[in-house]
Amino acid sequence: MSDISFHDLSSLDATQRAGLLKRAEADLSTFVEKVRPIIQAVKDEGDAALIRFARELDKADVAEGGLQVSEAEFDAAFDKVEKEVVESIGFGIDNIRRFHEEQKPETMWLKEVRPGAYAGDRYTPIASVALYVPRGKGAFPSVTMMTSVPAVIAGVPQIAIVTPATSDGSVDAATLVAARLAGVHTVYKCGGAHAVAAVAYGTETVKPALKIVGPGSPWVVAAKSVLSSVINTGLPAGPSEAIIFADDSVDGGLAALDLLIEAEHGPDSSAYLVTHSRKVAEAALAALPQHWSRMTEQRVEFSRAVLTGKRGGIVLTASLEDSYRFINDYAPEHLEILSKEPFAHLGHITEAAEILMGPHTPVTLANFVLGPNAVLPTSRWARTYGPLSVTDFVKRSSVGYVTSAAYPELAMHARRLARYEGFSSHENAVSEIRDRYLAG
């Protein structure tokens, strides 16, 4: 297994170490130039461009007038998906709903900051949101579950899913099952940059949205970047990435098993095993062939590309402290702490979007059924963003109310500050001029 990328961190210089932090979408310049004409075509031509791009780019035969999934297609989806899978989708949605219901903020709160002076926040749902569900390297009803449930809980009145169609012009049946069970009834058959453009500008069929959320390829990320002044593009969610951190209390074979979880998403994924234990690293290397023998050919191809490339493999550190430092520098989307005492490590790690503790909490559980959201910031954005949540689907308004009794004191201090900053209208609005209007 000498072709697996093996990085001895202590032997790398600063440039080589920085190279380990790069992700697939780090340089979007080539994609940005390619998506611009796609975006312009959708803006100018509407549905016609979406149907053309579905055929040319998605290799999907979407019929004229068939961009929106019909009720009949929703109904038929339940007959196409095995009952056990429908049951598991329902199980996952139930846990996701239980988790996200706890995130929903109270509609309004007010605090009496001074006697008779009140200030607080009010939360209202965003009027319209698009949920991007990728399709290129597989079917992802789990993304539908993760994006739909918090949007529904938040009370967004207009929710639509955009997802590429399959070759026959249909939408993955399990995705439709997940949408209906989550409470979303509008699905459009478009993906990639053209889907982002469609929900940004609207077409004859696709209603425009104020915000789009959901993970996607560099094409989707580039389109979001170009259209960020037109539509709120939410947290940056690109190709999958994970760090499996293992101390010397666990078997390296287990670490290798979990290393493959996100690596199998596609060759643009990133996946590292980080450990200070050479024994664990060598055991992981030895276990990979056995794990690959139980995977499908395509997923072996994807994960091998990641683990033998520049964005994956094994990182051997000199100490636990060096492991913590590398993880925080990397700021991964997914982080597993494989240890018999995972909470001993938790306090040392501050930069990760998702932290899964112990050998019984693999990324698989979190991706599907545990409850926390699996739409997570990538490309080191975990340093400033958190996972998708109910709060991504609501907006906050400040609320203030001052009684006549509280007004004079606040006005006096505000008047002094307005005068100091040179704003005469601000000052006048809390001067004797206002007092005369209020008295009259």
**Request:** Might you confirm whether atom CZ of Arg419 has over 12 heavy atoms from other residues, nucleotides or ligands at distances under 6.0 Å?
**Result:** yes
**Positive for side chain to side chain contact (heavy atoms under 4.5 Å, CB included) with Val162, one of Val196, Val220, Leu131, Val199** = Val199
**Item:** Backbone N/O of Ser379 and side chain of Glu241: donor-acceptor pair under 3.5 Å
**Value:** yes
**Message:** Once side chain to side chain donor-acceptor pair (under 3.5 Å) is applied, do any residues pair with Lys340, and if so which ones, sequence neighbours excluded?
**Reply:** none
**Request:** Can you sort out the partners of Thr186 under side chain to side chain donor-acceptor pair (under 3.5 Å), two or more places apart, ordered by chain and number?
**Result:** none
**Request:** Would you please name every residue forming a side chain to side chain donor-acceptor pair (under 3.5 Å) with Arg98, sequence neighbours left out?
**Result:** Asp94
**Message:** Out of the candidates Val133, Asn367, Ile96, only one should pair with Met145 under the side chain to side chain contact (heavy atoms under 4.5 Å, CB included) rule; please name it.
**Reply:** Ile96
**Asked** Does a side-chain heavy-atom distance below 4.5 Å link Ser240 with Glu333?
**Response** yes
**Message:** Any donor-acceptor pair under 3.5 Å linking the side-chain atoms of Ser128 with those of Lys207?
**Reply:** no
**Request:** Show your working on salt bridge (Lys or Arg N to Asp or Glu O under 4.0 Å) between Arg97 and Glu102 and close with a plain yes or no.
**Result:** CA-CA 9 Å; Arg97 184 176 289 116; Glu102 296 300 316; over 6 Å; no
**Prompt:** Have Glu427 and Ser424 got a donor and an acceptor in their side chains that come within less than 3.5 Å?
**Reply:** no
**Message:** Would you call the rings of Tyr324 and His348 parallel, tilted or perpendicular, taking 30° and 60° as the class edges?
**Reply:** parallel
**Prompt:** Step by step, would you call Thr163 with Lys189 a side-chain hydrogen bond (donor to acceptor under 3.5 Å, both in side chains)?
**Reply:** CA-CA 6 Å; Thr163 188; Lys189 302 174 184 179; over 6 Å; no
**Prompt:** Would you call the rings of Trp381 and Tyr385 parallel, tilted or perpendicular, where under 30° means parallel and over 60° means perpendicular?
**Reply:** perpendicular
**Asked** Are a donor atom and an acceptor atom from the side chains of His276 and Asp322 found within less than 3.5 Å of each other?
**Response** no
**Prompt:** How about Phe245 and His345: are their ring centres within less than 6.0 Å of each other?
**Reply:** yes
**Request:** Go through Leu370 and Phe99 one step at a time and tell me if the side chain to side chain contact (heavy atoms under 4.5 Å, CB included) criterion holds.
**Result:** CA-CA 9 Å; Leu370 184 59; Phe99 176 87; over 6 Å; no
**Item:** Between Ser148 and Thr144, a side-chain donor and acceptor under 3.5 Å
**Value:** no
**Asked** Can you tell me how far the CZ atom of Arg311 sits from the OH atom of Tyr272, to the nearest 0.5 Å?
**Response** 8.5 Å
**Request:** Would you mind reporting whether Ile327 and Leu335 have side-chain heavy atoms less than 4.5 Å apart?
**Result:** yes
**Prompt:** Does the salt bridge (Lys or Arg N to Asp or Glu O under 4.0 Å) test come out yes or no for Arg383 and Glu351, once each step is laid out?
**Reply:** CA-CA 6 Å; Arg383 295 176 296 172; Glu351 313 300 324; 5.9 Å; no
**Prompt:** Hey, mind stepping through Arg180 and Asp75 against salt bridge (Lys or Arg N to Asp or Glu O under 4.0 Å) and telling me if it holds?
**Reply:** CA-CA 9 Å; Arg180 177 170 280 184; Asp75 292 340; 2.7 Å; yes
**Prompt:** With a 3.5 Å cut-off and no angle check, do the side chains of Asp247 and Ser339 form a donor-acceptor pair?
**Reply:** yes
**Item:** Thr205 and Thr203: side chain donor to acceptor below 3.5 Å
**Value:** no
**Request:** Taking atom types as modelled, find out whether Thr317 and Ser323 have a side-chain donor-acceptor pair closer than 3.5 angstrom.
**Result:** yes
**Request:** Report yes or no: is the cationic atom of Arg415 (NZ for Lys, CZ for Arg) under 6.0 Å from the centre of the six-membered ring of Tyr420, at an angle within 45° of the ring normal?
**Result:** no
**Message:** Quick one: does any side-chain atom of Tyr401 pair with a main-chain N or O of Gly116 as donor and acceptor, under 3.5 Å?
**Reply:** no
**Request:** Start with the C-alpha distance between Arg17 and Asp329, add both sets of side-chain angles, then the distance that settles salt bridge (Lys or Arg N to Asp or Glu O under 4.0 Å), and finish with yes or no.
**Result:** CA-CA 10 Å; Arg17 181 186 173 104; Asp329 285 346; 3.1 Å; yes
